[in-house]
S.K.: 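Have a look at the structure that comes next, please.
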Amino acid sequence: MKNPQHNERSDNGDVAAGHVRIFDTTLRDGEQTPGFSMDRRAKLRMAQMLEALGVDVLEAGFPQASPDDFAAVAQIAGALQHTTACALARCVPGDIDSAGRALEHARRSRIHVFLSTSPLHREHKLGMSKQQVLDAAVAGVERAAKLAHEVEFSAEDAMRTEPEFLAEVFSAAAAAGASTLNAPDTVGYMTPAEIAERFAWLLANVRRGPHVVFSSHCHNDLGLAVANSLAAVGAGARQVECTINGVGERAGNASLEEVVMAMKVRGAWFGTDTRIDTRKLYPASRLLSELTGQNVQRNKAIVGENAFAHESGIHQHGMLKHRGTYEIMRPEDVGIAETRLVLGKHSGRAALRQRLEALGHAPDDAAMDDIFARFKALADRKREIHDDDLDALARGRDPDAAGPWRLTRLDTSAHLGAGASATVKLVHDDGHAVAEAALGDGPVDAVLRAMERATDTALQLTRFQVQAVGEGGDAQGEARLTARHRDRDWNGHGVSTDIVEAAAQAALAIVNRIAQQQATSTPSPRSTKAQGATA
Ligand code: KIV
Ligand code: ZN
């Protein structure tokens, strides 16, 4: 079905009627917020990823903010091959000139000038009359037009501005040379129906040439940034300003991946599309997390860890019959390798059997009854069940069983700027003891290397997570490690007031699991019968 309110006016810019430009502001609105600052190298890496993703315009920063911001914008502008490089500037000559200089080497450049227009901002922030705002906007656009290929004008706090005055400022900015008119919901105040009405009104009342594009820029203070952006598109906006993972001032901006996927999945409804290569959405989200050290919430739409994960037995059963039962898009379309059927206490036999078979086990019905009962008991104790737990269950072992190794000594020391060292002493159930020392990038790496040597088990660390359990200075640290050994991932977990010790326990759990698996690795898993019942 098609959106009956969809505005098909073709006079909204030089873009094809259905094409919506994606203007990414991760490196400006996103980067200027607490916890998301990046150094120049990180910004360049992110910019290259955003270009590969296919954003139309990349706002690289605010050059007048600092010499480093200037240098970052200049470096990105020179590196972009086909994406328009954009720099932000207030409507003051110093800002605009600096933006122009930073964009000098861009193949395609845009200066984004902004000025508040709402009564609240005019009176309390700027101390300017309507006429002064109008004059400054025109002067700013005219100056910017001499320094870049194109100019965008933003009326900050547009959505709380008198519509007639906003239309007057936009008309003047367009006459002065702005080819994009951005109407931000700076404080995230609007609702979808309201913003749609406002954009439709602006499209009908702003005097402009045929090449001028209307743009939305929505903040998420009420959790409506994506809904409001899409409503603006429905009303005729043909540029959406958004950020990877929805980062940005306060509660953030509209999330790029959500806006883009809504238009892709519900293309028939919106009648619009973007140029984004959606298979790069997840890699872009991961890169931003990596560069800023900020995790994405687990249940975040499109890119969260749970976005394509199913634990409930009913959902897993449906998914195994037909993925369309509980998924409206394919994980591979957003760059996620596959749907994950997470095995936990809500899972059923169908998903358990499927995973066991994928691991090479072929339990008959009696074995399956036994494994399933032990699986449920284990799932009551553990939050998530991993492949190595399942393997142990299928082989009739207790996945929580300790041994054969015990850790009897652990010494670590970190050396400022020069890595770390660790010594471990392990005692085997058969009585023999081994002590080994190793160097590593950090104490956890050094412990892992020492355990590797002591047990003669090659380990490649693929995941290391630490989180506090409880609050305050005496909170325990919980360490979760995943290490690769002979093409398989092995998981271990440890808890201690000392996080290195917690990591050592987690590493010990891994070497023990591998040792246990090796001790029971014959007969081959394919011939698994009711082992659980007899073990
Ligand atoms: O939220 C806002 O109004 C802005 C402008 C600078 C576009 O970020
Ligand atoms: Zn903003």
Side-chain angles (χ1 to χ4, degrees), residues 23 25 27-29 32 57-66 69-70 73-74 77 84-104 106 109-187 202 206-209 211-217 219 239 241 248-249 253:
F23 174 114
T25 183
L27 295 176
R28 199 277 299 168
D29 212 320
Q32 74 193 32
V57 185
L58 192 160
E59 189 166 49
F62 183 12
Q64 186 71 347
S66 73
D69 278 33
F70 180 95
V73 175
T84 300
C86 175
L88 184 70
R90 290 167 297 178
C91 281
V92 295
D95 278 25
I96 297 168
D97 295 351
S98 183
R101 281 197 310 279
L103 294 173
E104 249 165 22
S109 60
R110 175 185 295 195
I111 296 181
H112 176 190
V113 288
F114 75 101
L115 181 61
S116 290
T117 49
S118 70
L120 206 72
H121 282 222
R122 284 192 320 257
E123 188 183 338
H124 298 288
K125 188 178 116 175
L126 302 175
M128 285 167 84
S129 66
K130 282 184 174 175
Q131 191 57 50
Q132 285 171 318
V133 167
L134 202 62
D135 292 345
V138 169
V141 171
E142 282 174 347
R143 192 174 188 103
K146 296 193 184 103
L147 301 171
H149 293 112
E150 51 194 75
V151 179
E152 168 169 339
F153 173 75
S154 276
E156 193 184 0
D157 206 16
M159 290 298 141
R160 293 191 299 171
T161 300
E162 307 89 328
E164 292 74 14
F165 179 57
L166 183 60
E168 201 183 337
V169 178
F170 275 157
S171 302
S179 55
T180 303
L181 300 174
N182 184 36
D185 182 15
T186 302
V187 289
L202 288 170
V206 171
R207 292 180 305 281
R208 63 200 190 274
H211 63 290
V212 173
V213 170
F214 272 90
S215 164
S216 83
H217 175 113
H219 279 273
Q239 172 176 288
E241 302 196 355
E249 283 289 353
N253 287 70

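Start at 1 with the first residue, then count along the sequence.
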S.K.: Quick check for you: to the nearest 0.5 Å, what is the distance between Glu249 atom CD and Thr25 atom OG1?
M.R.: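 Spacing of CD (Glu249) from OG1 (Thr25) equals 10.0 Å.
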
S.K.: In Å, rounded to the nearest 0.5 Å, how long is the span from CD1 of Ile96 to NZ of Lys146?
M.R.: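 Answer rounded to 0.5 Å: 10.0 Å.
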
S.K.: What's the spacing between Leu27 CG and Cys86 SG if we round to 0.5 Å?
M.R.: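 Between atom CG of Leu27 and atom SG of Cys86 there are 11.5 Å.
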
S.K.: Look at Lys125 together with Glu156 and state whether they make a salt bridge at an N to O cut-off of under 4.0 Å.
M.R.: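 Between Glu156 and Lys125 there is a salt bridge, with a charged N closer than 4.0 Å to a carboxylate O.
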
S.K.: What is the minimum heavy-atom distance between Ala172 and Val138, and which atoms define it?
M.R.: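 Shortest heavy-atom separation between Ala172 and Val138 comes out as CB-CG2, 3.6 Å.
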
S.K.: Answer yes or no on whether Arg122 is positioned over the face of Phe165, meaning its NZ or CZ is under 6.0 Å from the six-membered ring centre and within 45° of the axis.
M.R.: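 Yes; both conditions hold, so Arg122 lies above the ring face of Phe165.
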
S.K.: Closest heavy-atom contact between Ala178 and Val141?
M.R.: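 In terms of heavy atoms, the two residues are closest at N-CG1, 3.5 Å.
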
S.K.: What I'd like to find out is whether the side chain of Arg143 reaches to under 4.5 Å of the side chain of Asp97, using heavy atoms alone.
M.R.: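 Of all side-chain heavy-atom pairs linking Asp97 with Arg143, at least one is under 4.5 Å.
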
S.K.: Pairing donors with acceptors under 3.5 angstrom, does anything connect the side chains of Gln131 and Asp135?
M.R.: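 Checked: Gln131/Asp135 side chains pair up, N/O donor to acceptor below 3.5 Å.
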
S.K.: Please test Phe214 against Gln239 for side-chain contact (heavy atoms from CB on, under 4.5 Å), starting from the C-alpha separation and ending with a verdict.
M.R.: CA-CA 6 Å; Phe214 272 90; Gln239 172 176 288; over 6 Å; no

S.K.: Return the minimal non-hydrogen interatomic distance between Ala158 and Thr117, and the atom names on each side.
M.R.: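 The answer is CA-OG1, 4.1 Å.
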
S.K.: Hydrogens and angles aside, do Thr180 and Glu152 bring a side-chain donor and acceptor to less than 3.5 Å of each other?
M.R.: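 There is no such pair between these side chains.
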
S.K.: Quick check: closest heavy atoms across Phe62 and Ala89, and the distance to 0.1 Å?
M.R.: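 Taking every non-hydrogen atom into account, CE1-CA, 4.1 Å.
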
S.K.: Start with the C-alpha distance between Gln132 and Leu126, add both sets of side-chain angles, then the distance that settles side-chain contact (heavy atoms from CB on, under 4.5 Å), and finish with yes or no.
M.R.: CA-CA 10 Å; Gln132 285 171 318; Leu126 302 175; over 6 Å; no

S.K.: Please step through side-chain contact (heavy atoms from CB on, under 4.5 Å) for the pair Leu147 and Leu103, ending with a clear verdict.
M.R.: CA-CA 9 Å; Leu147 301 171; Leu103 294 173; over 6 Å; no

S.K.: Could you give me the CA-CA distance, side-chain angles and deciding distance for Val169 and Lys130, then say whether side-chain contact (heavy atoms from CB on, under 4.5 Å) is met?
M.R.: CA-CA 9 Å; Val169 178; Lys130 282 184 174 175; over 6 Å; no

S.K.: Below 4.5 Å, heavy atoms only, C-beta onward: do His112 and Val57 meet side chain to side chain?
M.R.: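 No. Closest side-chain heavy atoms not under 4.5 Å.
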
S.K.: Should Thr84 and Phe23 count as side-chain neighbours, where that means a heavy-atom distance under 4.5 Å?
M.R.: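 Sidechains of Phe23 and Thr84: no contact.
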
S.K.: Salt bridge or not for Glu241 and Arg28, using N-O below 4.0 Å?
M.R.: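 Result for this pair is no, no salt bridge flagged.
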
